[in-house]
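FYI, the numbering just counts along the sequence from 1. These values consider heavy atoms only, across backbone and side chains, with no hydrogens, waters or symmetry-generated copies.
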Amino acid sequence: MSPTAALLHLADSLTAAVEANLTLLMADDSADPVHKARVALRRFRTLLDAFAPILNDDLSDALHDRSRALFRVLGAIRDADVMAARFAETDRAAKSATHAAHQRQKGRKALKRKKAAGFRDWVQKRFSGKRWRQTGKKARTLREGPMTVLAALALDRAWAEALSNGADLLQMSARAQHDLRKDLKALRYLSEFFQDLWPEAPSDLFLANLRAMQDDLGEVSDSETARALGHDDTTDIGAPQSRAATAWASLVARGPWWQADLFEADS
């Protein structure tokens, strides 16, 4: 598949997932459609970053801005839901549940104002024709070249961003751990997008470690947020932090799964 075909296919698939879950959110009070819509928006924005070298800068900014606006609305709903669950067995249960319900209704109104239901069509219109294309020889070469070249560039950038937080997770500041968690999400999504381009590469173990790390660091983040809001959270964050540190050290030691010398040596 060419870079152009891959971009258009993935963009349509991800915006369809956003739209489907936003539709469910309007009538469903469960956390599932909120979570899935947020993930689809994150994946869409990661896609935009991956294809940035062939994507018109102004269009990329517009797509990011609208995606970010929807994500902020969903984030407020998600945070209230998580805290309501954390406070469910405390004397703040009723207040937290009421706040979560209020945030959900407020969010639904905001999504209607932002015409979230038309997000997919809005994106499709902007990818019609050729105006979405970045100009210049380099962009044209990447657009017309093999998908592996553009994919490797995106994965290399994401890997460098993750490494910039440090190799020892337990020595990182809380801010650095938070940044690492975000960088790992991008790295995971890119790996999922492009793993079929290198079918012999050991991507499965890499992705398993990434997913486990995200779960562990997410537990740490939610627990710390709850404590900041006054919840006497008894969750032992040492265990998930330790697991995440071990997984991160393993990933750093093995290196990127998509580098040819790595999987050729293992074959």
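Side-chain atoms of Thr4 and Leu8, non-hydrogen and from C-beta on, do get closer than 4.5 Å to each other. Looking at Ser96 and Met83, their side chains never come closer than 4.5 Å, going by heavy atoms from C-beta outward. Taking the side chain as every heavy atom from C-beta outward, Leu217 and Leu169 approach each other to under 4.5 Å. Thr148 places none of its side-chain heavy atoms less than 4.5 Å from the side chain of Phe194. Between Leu41 and Arg45, every side-chain heavy-atom pair lies at or beyond the 4.5 Å cut-off. Side-chain atoms of Leu184 and Tyr189, non-hydrogen and from C-beta on, never get closer than 4.5 Å to each other. Put simply, the side chain of Trp132 does not reach to within 4.5 Å of the side chain of Arg126, judged on heavy atoms. With a 4.5 Å cut-off on side-chain heavy atoms, Asn165 and Gln177 do not count as touching.
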Task: Verdict with supporting geometry, Arg131 and Leu59, side-chain contact (heavy atoms from CB on, under 4.5 Å) - done: CA-CA 9 Å; Arg131 288 184 297 175; Leu59 174 61; over 6 Å; no
Open item on the list: For a side-chain contact (heavy atoms from CB on, under 4.5 Å) check, start with the C-alpha distance between Ile54 and Arg133, then their side-chain angles and the critical distance, and finish with the verdict.
Closed with: CA-CA 6 Å; Ile54 69 170; Arg133 297 178 177 182; over 6 Å; no
TODO: Take Lys125 and Asp121 through the test salt bridge (charged side-chain N to carboxylate O under 4.0 Å, His left out) and record every step on the way to the result.
DONE: CA-CA 6 Å; Lys125 288 178 182 177; Asp121 286 343; over 6 Å; no
Open item on the list: side-chain contact (heavy atoms from CB on, under 4.5 Å), that's the test. Do Leu153 and Leu142 meet it? Break it down for me.
Closed with: CA-CA 10 Å; Leu153 287 172; Leu142 288 171; 3.9 Å; yes
- [ ] With side-chain contact (heavy atoms from CB on, under 4.5 Å) as the test, would you mind laying out the steps for Leu14 and Phe193 before giving the verdict?
- [x] CA-CA 11 Å; Leu14 293 171; Phe193 289 159; 4.0 Å; yes
Open item on the list: Please evaluate residues Asp81 and Arg104 with respect to the criterion salt bridge (charged side-chain N to carboxylate O under 4.0 Å, His left out), reporting the C-alpha separation (whole Å), side-chain torsions for both, the decisive distance (0.1 Å), and the verdict.
Closed with: CA-CA 9 Å; Asp81 282 347; Arg104 187 171 296 273; 2.5 Å; yes
TODO: Evaluate the criterion salt bridge (charged side-chain N to carboxylate O under 4.0 Å, His left out) for residue pair Asp65 and Arg68; output intermediate values, then yes/no.
DONE: CA-CA 5 Å; Asp65 286 347; Arg68 192 180 297 112; 3.0 Å; yes
TODO: Start with the C-alpha distance between Glu161 and Lys182, add both sets of side-chain angles, then the distance that settles salt bridge (charged side-chain N to carboxylate O under 4.0 Å, His left out), and finish with yes or no.
DONE: CA-CA 10 Å; Glu161 285 291 326; Lys182 291 196 300 182; over 6 Å; no
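Both Val149 and Leu7 belong to a common hydrophobic cluster when Ile, Leu, Val, Met, Phe, Trp and Tyr are linked at side-chain heavy-atom distances under 4.5 angstrom. Linking Ile, Leu, Val, Met, Phe, Trp and Tyr residues whenever their side-chain heavy atoms come within less than 4.5 Å places Met26 and Leu70 in a single cluster. At a threshold of 4.5 Å between side-chain heavy atoms, the hydrophobic network of Ile, Leu, Val, Met, Phe, Trp and Tyr places Leu170 and Leu251 in one connected group.
The minimum heavy-atom distance linking Asp216 with Ala244 is given by the pair OD2-N, 4.0 Å. For Ala152 against Trp258, the heavy-atom pair with the smallest separation is O-NE1, 4.3 Å. The two residues Leu48 and Ser60 have their closest heavy-atom pair at CD1-O, 4.4 Å. Closest of all the heavy-atom pairs between Ala139 and Thr135 is CB-O, 3.8 Å. The heavy-atom pair separating Ala162 from Leu180 by the smallest distance is O-CD1, 3.7 Å. Here the shortest heavy-atom pairing between Leu190 and Ala158 reads CD1-CB, 3.6 Å.
Summarising the geometry, atom CD belonging to Gln103 is positioned 4.0 Å from atom NE2 belonging to His99; distances are rounded to the nearest 0.5 Å. Here the straight-line distance linking atom CD of Glu19 with atom CG of Leu24 works out to 11.0 Å at 0.5 Å rounding. Distance CE/Met147 to CG/Asp196: 12.5 Å, rounded to 0.5 Å. If you take CD on Gln241 and CE on Met172, they are separated by 11.0 Å, rounding to the nearest 0.5 Å. To the nearest 0.5 Å, the span separating CZ on Arg42 from NZ on Lys185 amounts to 3.5 Å. The CG atom of Leu22 lies 11.5 Å from the CZ atom of Arg108; values are rounded to the nearest 0.5 Å.
Between Trp122 and Phe119, the two ring planes are parallel [angle under 30°; tilted spans 30° to 60°].
Counting only N and O atoms by type, the side chains of Ser203 and Trp198 include no donor and acceptor under 3.5 Å apart. Ser30 and Asp32 form no side-chain donor-acceptor contact under 3.5 Å, judged by distance and modelled atom types alone.
One finds no salt bridge joining Arg211 and Asp215 here, because no Lys/Arg side-chain nitrogen approaches an Asp/Glu carboxylate oxygen to under 4.0 Å. Note on Arg157 versus Asp49: no salt bridge recorded, every NZ/NE/NH1/NH2 to OD/OE distance being 4.0 Å or above.
Heavy-atom contacts from other residues, nucleotides or ligands closer than 6.0 Å to NE2 of His35 number 12 or fewer.
When atom types are taken as modelled, the side chain of Trp248 and the backbone of Gly166 share a donor-acceptor pair closer than 3.5 angstrom. Put simply, the side chain of Ser250 never gets that close to the backbone of Thr246: no donor and acceptor are under 3.5 Å apart. A donor-acceptor contact shorter than 3.5 Å is absent between the side chain of Ser242 and the backbone of Ala239. Not a single donor-acceptor pair under 3.5 Å links the side chain of Arg140 to the backbone N or O of Gln134.
The residue from Leu163, Leu155, Asp156 that alone fulfils the side chain to side chain contact (heavy atoms under 4.5 Å, CB included) condition with Trp159 is Leu163.
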